[in-house]
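Below is one structure, written out as structure tokens, with a few remarks after it.
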Amino acid sequence: MNVPFLIQTFWSAIKAVPITLLITGASLLIGLPLGFLLAWIKIRKIRILYPLVVAYISLMRATPMVLLILLFYSTLMS
């Protein structure tokens, strides 16, 4: 077992914790209100928005997560 390599890798991983927490926090700030809004629209069955919400939820459930990540990455980073 290569202990110096493990120590170096551990400190590299520790340096990435703040950005990981930032991404997690941003995702929560965006995702929770959006999720509550979509759930509220679906529960209340608001006439105009209900079909759009159902279509969005069906699309998100049917699409593999890796494909969504690649799609968002390729559109946002270009």
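Everything numeric here is computed off the predicted structure, so don't read it as measured data. The chain is numbered in sequence order, starting from 1.
- For Thr63, the side chain to side chain contact (heavy atoms under 4.5 Å, CB included) partners at least two apart in sequence or on another chain are Leu59, Leu67, Leu68.
- Both Ile69 and Phe72 are members of a single hydrophobic cluster when ILVMFWY side chains are connected at heavy-atom separations under 4.5 Å.
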Which side-chain N or O atoms in residues 9-35 pair as donor and acceptor under 3.5 Å with protein atoms at least two apart or in another chain?
{"from": "Thr9", "atom 1": "OG1", "to": "Phe5", "atom 2": "O", "distance (Å)": "2.8"}
{"from": "Ser12", "atom 1": "OG", "to": "Gln8", "atom 2": "O", "distance (Å)": "3.1"}
{"from": "Thr20", "atom 1": "OG1", "to": "Ala16", "atom 2": "O", "distance (Å)": "2.9"}
{"from": "Thr24", "atom 1": "OG1", "to": "Thr20", "atom 2": "O", "distance (Å)": "2.8"}
{"from": "Ser27", "atom 1": "OG", "to": "Ile23", "atom 2": "O", "distance (Å)": "2.9"}

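- Under the side chain to side chain contact (heavy atoms under 4.5 Å, CB included) criterion, Arg44 pairs with Trp40, Ile46, not counting sequence neighbours.
- In the hydrophobic clustering, Tyr50 connects to Val54, either directly or through intervening members, whenever side-chain heavy atoms lie under 4.5 Å apart.
- Under the 4.5 Å side-chain heavy-atom criterion for ILVMFWY residues, no single connected hydrophobic cluster contains both Leu71 and Met60.
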